[in-house]
There are 2 protein chains.
Amino acid sequence: MFYSNNPRFFVSVDCIIFGLVNGKLCLLLTKRRFEPEKGKWSVMGGFVQEDESVDDAARRVLRHLTGLEDIYMEQVHAFGAINRDPGERVISVAYYALLGPDEYNLELLEKHEAVWIEIDKLPPLGFDHPEMVKKTLELIRAKCSHEPIGFNLLPAMFTLTQLQSLYETILGEPLDKRNFRKRVAETHCIEKTEYIDKTGSRRGASLYRFNDHVYLSHPQFKI
Amino acid sequence: MFYSNNPRFFVSVDCIIFGLVNGKLCLLLTKRRFEPEKGKWSVMGGFVQEDESVDDAARRVLRHLTGLEDIYMEQVHAFGAINRDPGERVISVAYYALLGPDEYNLELLEKHEAVWIEIDKLPPLGFDHPEMVKKTLELIRAKCSHEPIGFNLLPAMFTLTQLQSLYETILGEPLDKRNFRKRVAETHCIEKTEYIDKTGSRRGASLYRFNDHVYLSHPQFKI
DNA sequence: ACAAAAGTGTTCCCGTTACACCCATGA
DNA sequence: TCATGGGTGTAACGGGAACACTTTTGT
């Protein structure tokens with residue numbers, strides 16, 4: 001057919017997977033056991049197959065690591081430099097994903113030799129993964145203030161201190177506690193529950209919950 | 001080699017090309033003469049080749065249409081649905097480009113059967129091009145207020161009325177003239193020249209120029 | 001003289017920021 | 001009782017929005 005004059009390429013997905021481990025923002029990385037870039041750290045990836053869309057390929061990578069289907073995930077950028085993979089030419093589409101504490105179990109991660117590494121202690125990464133991570137961080141930094149993506153990293157119920165500390169980590173700057181809580185109060189989709197978390201302090205802190213139903217009916221969000 | 005278990009795909013670029021024609025924001029479209037989607041309108045595209053990066057492929061499409069190398073261009077999104085191309089499977093990376101009035105000549109466009117069509121009079125497009133255009137519009141709408149991309153659509157010198165009307169078209173809403181000019185005045189990288197445009201009014205309007213040197217030394221922009 | 005676009009300041013309001021102390025509890 | 005994190009209000013400031021008339025000049 002007409003298209004056949006043109007070359008075909010391997011297409012991969014690379015998933016920049018975020019999670020909170022002990023309250024620290026981490027990336028899921030693996031140390032490559034095969035060439036190319038053997039021994040270097042890299043993000044989790046895989047090749048796109050015939051029977052799946054590119055988005056589906058990213059979901060498959062996520063599913064293998066977590067056993068779950070409905071992980072928050074979004075495309076970041078396509079990377080298409082000729083020599084970005086020193087082995088063969090591969091065009092890669094980067095995605096980022098946000099995992100909540102219940103969305104990963106360490107056994108499954110161990111089986112895939114994936115480890116959580118704190119975002120500000122990243123080892124040197126192979127390929128063009130540093131650029132992918134950089135672009136992803138810019139993206140979520142810009143996005144987290146007007147779209148409620150941060151909740152995907154938290155448990156279903158969380159304290160305001162946890163939420164604030166998450167935002168501080170993502171934005172890389174300290175936030176004023178009273179102003180932060182004022183904005184939370186104005187954001188109707190974050191609601192206080194009757195539950196109290198006693199593990200983080202002697203006094204106990206109210207647990208809050210993100211109400212996506214309220215959010216979807218009034219999609220306004222500003223933190 | 002190890003990768004060879006995996007399938008390969010055609011990869012294309014699709015360029016959503018904007019231009020100002022008679023002060024109206026337009027897209028460069030073509031009516032397809034070949035299957036698939038013969039007779040439908042589509043944006044300008046091409047297949048990625050072995051010897052070029054994906055970005056380079058987009059630049060090549062632009063170069064063929066304009067004869068120029070340095071067109072403002074940026075990636076929008078990769079589209080990878082299995083059946084997005086009814087002919088064969090093609091994974092496409094969308095780019096948008098902004099052409100100034102001196103960056104296209106109608107003969108060259110005619111040779112490629114490309115025509116300018118006003119952004120609010122678009123015909124039905126084939127493939128997933130409607131989604132590409134929608135995503136692109138969202139992107140430039142969000143971007144034009146904090147990054148000086150609009151100037152790529154204007155001649156080297158322009159009146160403030162032209163600039164305002166461009167922003168009104170992109171944002172889809174009328175802007176207050178005095179507030180607009182106040183913001184322009186605060187933006188050091190837009191400078192008044194000694195020249196006067198007499199074609200747009202009896203009185204004549206001062207011509208302004210975007211100074212990218214100033215912008216690069218103080219990359220701040222807010223309109 | 002008049003039509004048509006160019007050009008120009010001020011006021012008000014609201015949202016953002018800065019800031020410090022008391023509370024509840026377990027050890 | 002004290003150490004620890006939880007929780008609360010107000011005042012000052014600054015940026016954004018609303019708003020109308022005069023100027024210039026070609027016809």
Side-chain angles (χ1 to χ4, degrees), chain A residues 20 22-24 141-142 144-147 154-155 157-209 218 220-223, chain B residues 20 22-24 141-142 144-147 154-155 157-209 218 220-223:
Chain A
L20 281 182
N22 303 325
K24 305 280 188 185
R141 221 163 257 160
C144 68
S145 301
H146 10 251
E147 288 191 56
L154 292 171
M157 293 198 291
F158 48 85
T159 67
L160 294 186
T161 304
Q162 281 176 295
L163 184 64
Q164 178 174 347
S165 128
L166 170 60
Y167 271 85
E168 288 174 333
T169 311
I170 293 176
L171 297 173
E173 63 187 8
L175 300 174
D176 180 86
K177 183 162 55 155
R178 277 172 292 188
N179 293 337
F180 184 82
R181 284 165 185 245
K182 202 186 310 170
R183 288 194 294 269
V184 166
E186 289 160 357
T187 304
H188 301 299
C189 52
I190 303 176
E191 57 192 24
K192 189 193 281 204
T193 69
E194 54 182 318
Y195 303 102
I196 307 286
D197 170 72
K198 306 281 285 185
T199 66
S201 69
R202 307 197 195 284
R203 175 178 173 176
S206 284
L207 285 163
Y208 287 72
R209 170 199 296 143
H218 302 286
Q220 49 201 268
F221 188 82
K222 187 74 200 298
I223 279 197
Chain B
L20 280 182
N22 303 325
K24 304 280 188 185
R141 219 163 260 161
C144 69
S145 301
H146 15 250
E147 287 191 55
L154 292 170
M157 293 198 292
F158 48 85
T159 67
L160 294 186
T161 304
Q162 282 177 293
L163 184 65
Q164 179 174 347
S165 128
L166 171 60
Y167 271 84
E168 287 175 334
T169 311
I170 293 176
L171 296 173
E173 61 185 10
L175 300 175
D176 179 85
K177 184 161 56 153
R178 278 172 290 187
N179 292 336
F180 184 83
R181 285 166 185 245
K182 201 187 309 170
R183 287 195 294 268
V184 166
E186 288 160 358
T187 303
H188 302 299
C189 53
I190 303 176
E191 55 192 25
K192 189 193 278 203
T193 70
E194 53 182 319
Y195 303 102
I196 307 286
D197 170 73
K198 306 281 285 186
T199 66
S201 69
R202 310 199 193 284
R203 176 177 175 178
S206 283
L207 286 163
Y208 287 71
R209 170 200 295 143
H218 302 286
Q220 48 201 270
F221 187 82
K222 186 72 200 298
I223 280 197

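Chain naming here is simple, since letters A, B, ... match the order of the sequence lines and numbering starts at 1 in each.
- Applying the 4.0 Å criterion to OP1 and OP2 of C:dA4, one finds that B:S201 has every side-chain N and O outside that range.
- Shown here for A:A205 and A:S201, the closest heavy-atom pair between the two residues is N-OG, 4.3 Å.
- For the helix from C:dA1-D:dT27 to C:dA27-D:dT1, the rotation axes defined at the first and last 5 base pairs enclose an angle of 10°, given to the nearest 10°.
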Apply side chain to side chain contact (heavy atoms under 4.5 Å, CB included) to residues B:S206 and B:I196 and explain how you reach the verdict. CA-CA 5 Å; B:S206 283; B:I196 307 286; 4.0 Å; yes
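- Across all strands, A:K222 comes closer than 4.0 Å only to sugar-phosphate atoms, never to a base (heavy-atom distances).
- Atom CZ in A:R181 sits roughly 19 Å away from atom P in C:dT16 (whole-Å rounding).
- If you check every strand for non-hydrogen atoms under 4.0 Å, A:T159 touches nothing.
- The two atoms that bring A:K192 and A:Y208 nearest to each other are CE-OH, 3.2 Å, heavy atoms only.
- Atom CD of A:Q164 is separated from atom C1' of D:dG5 by 12 Å (rounded to the nearest Å).
- The CZ atom of B:F180 sits 15 Å away from the C1' atom of D:dG16 (whole-angstrom rounding).
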Quick one: do B:I190 and B:L163 satisfy side chain to side chain contact (heavy atoms under 4.5 Å, CB included)? Show the steps, please. CA-CA 11 Å; B:I190 303 176; B:L163 184 65; 4.2 Å; yes
Where protein sits on nucleotides 17-24 of chain D, one letter per nucleotide: B base, S sugar-phosphate only, - none, heavy atoms under 4.0 Å: BBBB--BB
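- When all heavy atoms of A:S145 and A:R141 are compared, the closest pair comes out as OG-O, 4.4 Å.
- Scanning all heavy atoms of the two residues, the minimum distance from A:D176 to A:Q164 falls at C-NE2, 4.0 Å.
- What separates NZ of A:K192 from P of D:dG6 is a distance of 13 Å, to the nearest Å.
- B:C144 approaches B:Y167 most closely through the heavy-atom pair O-OH, 3.0 Å.
- If you measure from atom CD of B:E186 to atom P of D:dG14, you get 14 Å, rounded to the nearest angstrom.
- When rounded to the nearest whole Å, the span between CG of B:L207 and C1' of C:dG7 equals 15 Å.
- Note that CG of A:L175 and CG of A:L166 are 10.5 Å apart. Values are rounded to the nearest 0.5 Å.
- Minimum interatomic distance between B:R209 and B:M157 (heavy atoms only, all atoms of both residues): NH2-SD, 4.3 Å.
- Nucleotide C:dT17 holds its P atom 10 Å from the CG atom of A:L175, rounded to whole Å.
- Put simply, B:T161 has a side-chain N or O that comes within less than 4.0 Å of OP1 or OP2 on C:dA6.
- At whole-Å resolution of the value, NZ in A:K198 and C1' in C:dT25 are 6 Å apart.
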